[in-house]
Amino acid sequence: MDVKAPATIPYFLQEQIRELIVDGTIRPGQPLREQELEQRFGTSRSPIREALRLLELSGLVTHIQRKGFRVTLYTETQIRHLYMLRAELEAYCIRQVAEMHDLAPLLAELGSYHEAIVAALAKRDVRGFIAASREFYLASARFTGNTPLTSMLSKLYEQIEPLRYLLARQSLEAKTIPNYTHGIILALGNRDFERAADLTRSYVMEVLPEILRTYREASLQDA
(Lines give C-alpha, C1' and ligand atoms only; values in the text may rest on other atoms or scores of the structure.)
Protein backbone atom coordinates (compact mmCIF):
# COMPACT_ATOMS: atom_id res chain seq x y z
CA MET A 1 0.00 0.00 0.00
CA ASP A 2 1.35 3.44 -0.95
CA VAL A 3 0.88 5.39 2.27
CA LYS A 4 2.18 8.58 0.63
CA ALA A 5 -0.71 8.83 -1.83
CA PRO A 6 -3.21 10.56 0.52
CA ALA A 7 -0.66 13.25 1.35
CA THR A 8 -0.50 14.24 -2.31
CA ILE A 9 -4.21 15.01 -2.57
CA PRO A 10 -4.04 18.50 -1.00
CA TYR A 11 -1.20 19.44 -3.35
CA PHE A 12 -3.20 18.23 -6.34
CA LEU A 13 -6.20 20.25 -5.14
CA GLN A 14 -3.97 23.24 -4.48
CA GLU A 15 -2.85 23.25 -8.11
CA GLN A 16 -6.40 22.76 -9.41
CA ILE A 17 -7.80 25.64 -7.34
CA ARG A 18 -4.78 27.77 -8.19
CA GLU A 19 -5.51 27.32 -11.90
CA LEU A 20 -9.11 28.48 -11.36
CA ILE A 21 -7.82 31.59 -9.58
CA VAL A 22 -5.15 32.37 -12.15
CA ASP A 23 -7.41 32.10 -15.19
CA GLY A 24 -10.15 34.15 -13.54
CA THR A 25 -12.73 31.37 -13.19
CA ILE A 26 -12.73 32.28 -9.49
CA ARG A 27 -12.45 36.05 -9.39
CA PRO A 28 -10.68 38.47 -6.99
CA GLY A 29 -12.43 38.63 -3.64
CA GLN A 30 -14.73 35.69 -4.41
CA PRO A 31 -15.44 33.34 -1.47
CA LEU A 32 -13.96 29.85 -1.66
CA ARG A 33 -16.74 27.81 -0.10
CA GLU A 34 -15.46 24.45 1.04
CA GLN A 35 -18.75 22.66 0.34
CA GLU A 36 -18.78 23.89 -3.27
CA LEU A 37 -15.16 22.83 -3.74
CA GLU A 38 -15.95 19.41 -2.26
CA GLN A 39 -18.66 18.95 -4.87
CA ARG A 40 -16.50 20.26 -7.72
CA PHE A 41 -13.58 17.94 -6.98
CA GLY A 42 -15.45 15.03 -5.41
CA THR A 43 -13.38 14.94 -2.25
CA SER A 44 -13.77 15.50 1.47
CA ARG A 45 -13.41 18.77 3.35
CA SER A 46 -10.10 18.01 5.06
CA PRO A 47 -7.85 18.00 1.92
CA ILE A 48 -9.79 20.99 0.53
CA ARG A 49 -9.04 22.95 3.68
CA GLU A 50 -5.37 21.94 3.59
CA ALA A 51 -5.14 22.99 -0.08
CA LEU A 52 -6.63 26.38 0.80
CA ARG A 53 -4.09 26.78 3.60
CA LEU A 54 -1.30 26.10 1.12
CA LEU A 55 -2.71 28.71 -1.24
CA GLU A 56 -2.88 31.14 1.67
CA LEU A 57 0.87 30.70 2.16
CA SER A 58 1.46 31.68 -1.48
CA GLY A 59 -0.66 34.82 -1.09
CA LEU A 60 -3.35 33.83 -3.58
CA VAL A 61 -5.94 33.11 -0.88
CA THR A 62 -6.89 35.01 2.28
CA HIS A 63 -8.55 33.57 5.38
CA ILE A 64 -10.93 35.84 7.25
CA GLN A 65 -11.96 34.76 10.74
CA ARG A 66 -15.56 33.52 10.89
CA LYS A 67 -15.95 34.17 7.15
CA GLY A 68 -13.65 31.52 5.71
CA PHE A 69 -11.38 31.62 2.67
CA ARG A 70 -11.62 33.88 -0.33
CA VAL A 71 -9.44 34.80 -3.29
CA THR A 72 -7.10 37.60 -2.24
CA LEU A 73 -8.44 40.98 -3.25
CA TYR A 74 -5.62 43.48 -3.68
CA THR A 75 -5.86 47.22 -3.30
CA GLU A 76 -4.26 49.37 -5.99
CA THR A 77 -1.55 50.32 -3.49
CA GLN A 78 -0.74 46.65 -2.85
CA ILE A 79 -0.51 45.98 -6.59
CA ARG A 80 1.84 48.94 -7.02
CA HIS A 81 4.00 47.67 -4.17
CA LEU A 82 4.16 44.16 -5.66
CA TYR A 83 5.13 45.45 -9.09
CA MET A 84 7.67 47.94 -7.82
CA LEU A 85 9.24 45.13 -5.81
CA ARG A 86 9.29 43.03 -8.97
CA ALA A 87 11.00 45.83 -10.89
CA GLU A 88 13.70 46.27 -8.26
CA LEU A 89 14.37 42.54 -7.84
CA GLU A 90 14.67 42.03 -11.59
CA ALA A 91 17.01 45.02 -11.89
CA TYR A 92 19.08 43.60 -9.02
CA CYS A 93 19.32 40.29 -10.90
CA ILE A 94 20.78 42.12 -13.88
CA ARG A 95 23.39 43.85 -11.71
CA GLN A 96 24.39 40.50 -10.22
CA VAL A 97 25.09 39.26 -13.74
CA ALA A 98 27.76 41.96 -14.09
CA GLU A 99 29.99 39.87 -11.81
CA MET A 100 29.96 36.95 -14.27
CA HIS A 101 32.69 36.81 -16.93
CA ASP A 102 31.21 34.53 -19.60
CA LEU A 103 27.64 35.55 -20.43
CA ALA A 104 27.31 33.37 -23.53
CA PRO A 105 25.31 30.59 -21.79
CA LEU A 106 22.94 33.13 -20.25
CA LEU A 107 22.47 34.99 -23.53
CA ALA A 108 21.64 31.72 -25.28
CA GLU A 109 19.09 30.82 -22.61
CA LEU A 110 17.53 34.29 -22.72
CA GLY A 111 17.36 34.06 -26.49
CA SER A 112 15.42 30.81 -26.31
CA TYR A 113 12.91 32.35 -23.88
CA HIS A 114 12.58 35.43 -26.08
CA GLU A 115 11.74 33.17 -29.04
CA ALA A 116 9.23 31.29 -26.88
CA ILE A 117 7.58 34.60 -25.95
CA VAL A 118 7.30 35.64 -29.59
CA ALA A 119 5.91 32.21 -30.55
CA ALA A 120 3.33 32.31 -27.74
CA LEU A 121 2.20 35.77 -28.80
CA ALA A 122 1.78 34.60 -32.39
CA LYS A 123 -0.39 31.69 -31.23
CA ARG A 124 -2.20 33.80 -28.60
CA ASP A 125 -1.07 31.26 -26.04
CA VAL A 126 -1.54 33.06 -22.73
CA ARG A 127 -0.14 30.25 -20.60
CA GLY A 128 2.91 29.83 -22.80
CA PHE A 129 3.50 33.57 -22.84
CA ILE A 130 3.39 33.89 -19.05
CA ALA A 131 5.62 30.84 -18.52
CA ALA A 132 8.25 32.01 -21.01
CA SER A 133 8.34 35.57 -19.70
CA ARG A 134 8.64 34.30 -16.12
CA GLU A 135 11.55 32.05 -17.05
CA PHE A 136 13.23 34.89 -18.96
CA TYR A 137 13.53 36.96 -15.80
CA LEU A 138 14.34 34.03 -13.51
CA ALA A 139 17.21 32.94 -15.77
CA SER A 140 19.51 35.73 -14.58
CA ALA A 141 18.98 34.87 -10.92
CA ARG A 142 19.62 31.18 -11.58
CA PHE A 143 22.72 31.99 -13.65
CA THR A 144 24.37 33.84 -10.78
CA GLY A 145 23.59 31.00 -8.37
CA ASN A 146 21.67 33.33 -6.07
CA THR A 147 19.24 30.80 -4.63
CA PRO A 148 17.48 33.15 -2.15
CA LEU A 149 16.85 35.67 -4.92
CA THR A 150 15.55 32.98 -7.27
CA SER A 151 13.22 31.70 -4.57
CA MET A 152 11.96 35.19 -3.73
CA LEU A 153 11.28 36.04 -7.36
CA SER A 154 9.54 32.71 -7.94
CA LYS A 155 7.18 33.33 -5.02
CA LEU A 156 6.50 36.88 -6.20
CA TYR A 157 5.68 35.68 -9.72
CA GLU A 158 3.30 33.10 -8.29
CA GLN A 159 1.56 35.78 -6.26
CA ILE A 160 1.08 38.14 -9.21
CA GLU A 161 0.28 35.45 -11.82
CA PRO A 162 -3.49 36.15 -11.75
CA LEU A 163 -2.71 39.81 -12.49
CA ARG A 164 -0.41 38.87 -15.35
CA TYR A 165 -2.99 36.47 -16.76
CA LEU A 166 -5.67 39.18 -16.73
CA LEU A 167 -3.41 41.56 -18.62
CA ALA A 168 -2.17 38.98 -21.11
CA ARG A 169 -5.66 37.71 -21.86
CA GLN A 170 -6.94 41.21 -22.65
CA SER A 171 -3.95 42.77 -24.39
CA LEU A 172 -1.81 39.97 -25.79
CA GLU A 173 -1.92 41.62 -29.20
CA ALA A 174 -0.01 44.63 -27.84
CA LYS A 175 3.24 42.64 -28.04
CA THR A 176 5.07 45.01 -25.71
CA ILE A 177 7.37 42.59 -23.95
CA PRO A 178 9.44 41.29 -26.93
CA ASN A 179 10.82 44.79 -27.50
CA TYR A 180 12.08 44.79 -23.93
CA THR A 181 13.39 41.22 -23.82
CA HIS A 182 15.24 41.78 -27.10
CA GLY A 183 16.66 45.04 -25.76
CA ILE A 184 17.77 43.37 -22.53
CA ILE A 185 19.60 40.64 -24.48
CA LEU A 186 21.37 43.24 -26.64
CA ALA A 187 22.34 45.32 -23.59
CA LEU A 188 23.72 42.30 -21.75
CA GLY A 189 25.63 41.26 -24.87
CA ASN A 190 27.29 44.69 -24.77
CA ARG A 191 27.76 44.35 -20.98
CA ASP A 192 25.66 47.47 -20.55
CA PHE A 193 24.10 46.31 -17.32
CA GLU A 194 22.55 49.64 -16.34
CA ARG A 195 20.73 49.77 -19.67
CA ALA A 196 19.44 46.22 -19.17
CA ALA A 197 18.33 47.04 -15.61
CA ASP A 198 16.56 50.20 -16.80
CA LEU A 199 14.68 48.18 -19.40
CA THR A 200 13.38 45.78 -16.76
CA ARG A 201 12.03 48.70 -14.74
CA SER A 202 10.63 50.47 -17.80
CA TYR A 203 8.60 47.41 -18.79
CA VAL A 204 7.00 47.18 -15.35
CA MET A 205 6.18 50.89 -15.33
CA GLU A 206 4.64 50.66 -18.80
CA VAL A 207 2.32 47.75 -18.02
CA LEU A 208 1.38 48.74 -14.45
CA PRO A 209 -1.44 51.19 -15.37
CA GLU A 210 -3.05 48.57 -17.62
CA ILE A 211 -2.74 45.92 -14.91
CA LEU A 212 -4.48 48.22 -12.45
CA ARG A 213 -7.26 48.88 -14.95
CA THR A 214 -7.89 45.24 -15.84
CA TYR A 215 -7.79 44.16 -12.21
CA ARG A 216 -10.24 46.90 -11.23
CA GLU A 217 -12.63 45.74 -13.94
CA ALA A 218 -12.36 42.08 -12.89
CA SER A 219 -13.04 43.00 -9.26
CA LEU A 220 -16.08 45.10 -10.20
CA GLN A 221 -17.49 42.27 -12.32
CA ASP A 222 -17.46 39.99 -9.33
CA ALA A 223 -18.98 42.68 -7.10
Side-chain angles (χ1 to χ4, degrees), residues 9-41 43-90 125-131 133-134 137-138 151-172 174 176-177 200-201 203-223:
I9 295 175
Y11 295 97
F12 170 79
L13 293 170
Q14 174 196 15
E15 188 58 30
Q16 296 302 305
I17 298 169
R18 178 182 174 277
E19 289 298 310
L20 295 173
I21 294 172
V22 169
D23 70 14
T25 301
I26 307 176
R27 308 188 76 80
Q30 186 172 333
L32 293 160
R33 296 184 177 89
E34 294 174 18
Q35 186 175 4
E36 293 177 2
L37 293 171
E38 286 178 59
Q39 294 172 353
R40 177 189 284 268
F41 296 111
T43 187
S44 62
R45 186 159 300 189
S46 179
I48 289 288
R49 189 168 295 169
E50 188 172 347
L52 293 174
R53 289 292 185 192
L54 291 168
L55 287 165
E56 184 182 16
L57 291 175
S58 71
L60 292 179
V61 165
T62 301
H63 183 263
I64 302 173
Q65 193 171 9
R66 293 189 293 275
K67 292 186 178 180
F69 294 94
R70 63 182 58 237
V71 178
T72 298
L73 179 63
Y74 296 114
T75 65
E76 291 198 2
T77 298
Q78 288 172 326
I79 293 173
R80 290 182 186 277
H81 287 166
L82 284 168
Y83 269 79
M84 293 309 298
L85 177 61
R86 172 190 170 181
E88 292 307 314
L89 287 176
E90 289 174 350
D125 175 10
V126 175
R127 291 286 187 195
F129 168 77
I130 291 175
S133 58
R134 179 183 63 238
Y137 288 104
L138 281 173
S151 177
M152 190 178 299
L153 264 177
S154 296
K155 185 172 182 179
L156 178 60
Y157 289 151
E158 182 174 358
Q159 193 170 357
I160 66 174
E161 189 162 348
L163 306 175
R164 300 175 68 213
Y165 190 95
L166 274 172
L167 178 65
R169 188 174 58 184
Q170 294 196 23
S171 58
L172 205 59
T176 300
I177 191 171
T200 64
R201 286 199 203 88
Y203 173 70
V204 171
M205 297 310 296
E206 180 173 341
V207 301
L208 182 55
E210 189 68 8
I211 286 169
L212 291 169
R213 183 189 66 78
T214 55
Y215 189 75
R216 189 183 310 117
E217 290 176 356
S219 303
L220 289 173
Q221 286 174 21
D222 185 60

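- Inter-residue side-chain proximity for L52 and E34 is flagged as met; some heavy-atom pair is nearer than 4.5 Å.
- Residue D23 comes nearest to T25 through the heavy atom pair OD1-OG1, 2.7 Å, listed as atom of the first residue, atom of the second, then distance.
- Looking at heavy atoms from C-beta onward, L156 lies out of side-chain contact with Y83 at the 4.5 angstrom threshold.
- In terms of modelled atom types and a separation under 3.5 Å, the side chain of T72 and the main chain of L60 share a donor-acceptor contact.
- Contact annotation: the side chain of I21 approaches that of V61 to within less than 4.5 Å [non-hydrogen atoms, C-beta and beyond].
- Within the 4.5 Å cutoff, the side chain of R201 has heavy atoms near those of the E88 side chain.
- Here the OG1-CD distance, from T43 to Q16, works out to 12.0 Å after rounding to the nearest 0.5 Å.
- With a 4.5 Å cut-off on side-chain heavy atoms, I79 and L208 count as touching.
- Residues I26 and V71 share a closest heavy-atom pair of CG2-CG2, 3.3 Å.
- Salt bridge R18/E15: present, at least one basic N to carboxylate O contact under 4.0 Å.
- One finds the CG atom of L13 at 13.5 Å from the CZ atom of R49 (value rounded to the nearest 0.5 Å).
- Taking a cutoff of 4.0 Å between a charged side-chain nitrogen and a carboxylate oxygen, R53 and E50 do not qualify as a salt bridge.
- For the pair E161 and R164, the salt-bridge criterion is not met [side-chain N within less than 4.0 Å of a carboxylate O].
- A donor-acceptor pair under 3.5 Å is absent between the side-chain atoms of Y74 and the main chain of L82, judged by distance alone.
- With rounding to the nearest 0.5 angstrom, the CE atom of M152 is 6.5 Å from the CG atom of L89.
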* Yes or no on salt bridge (Lys or Arg N to Asp or Glu O under 4.0 Å) for K155 and E158, after CA distance, side-chain angles and deciding distance? -> CA-CA 5 Å; K155 185 172 182 179; E158 182 174 358; over 6 Å; no
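- Between Y203 and Y137, the ring planes are parallel. Angles under 30° get that label, and only those over 60° would be called perpendicular.
- In this structure, E36 does not pair ionically with R40, as no charged nitrogen and carboxylate oxygen lie closer than 4.0 Å.
- Distance check, rounded to the nearest 0.5 Å: CD1 of I9 to CD of Q14 gives 14.0 Å.
- For the pair P28 and L73, the tightest heavy-atom approach, listed with the atom from each and the gap, is CB-CD1, 3.7 Å.
- S133 approaches I130 most closely through the heavy-atom pair OG-O, 3.0 Å.
- Atoms CD and CG, from Q159 and L57 in turn, are 11.5 Å apart once rounded to the nearest 0.5 Å.
- Summarising the geometry of I17 relative to A51, their closest heavy-atom pair is CD1-CB, 4.4 Å, with the distance given to 0.1 Å.
- A 4.5 Å side-chain heavy-atom check between I211 and L166 finds every atom pair outside the cut-off.
- Nearest heavy-atom pair across S154 and L138 is OG-CD2, 3.7 Å.
- When side chains are defined from C-beta on, Y165 counts as touching R127, because their heavy atoms get closer than 4.5 Å.
- Salt bridge absent: E38 and R33 never bring a charged side-chain N and a carboxylate O closer than 4.0 Å.
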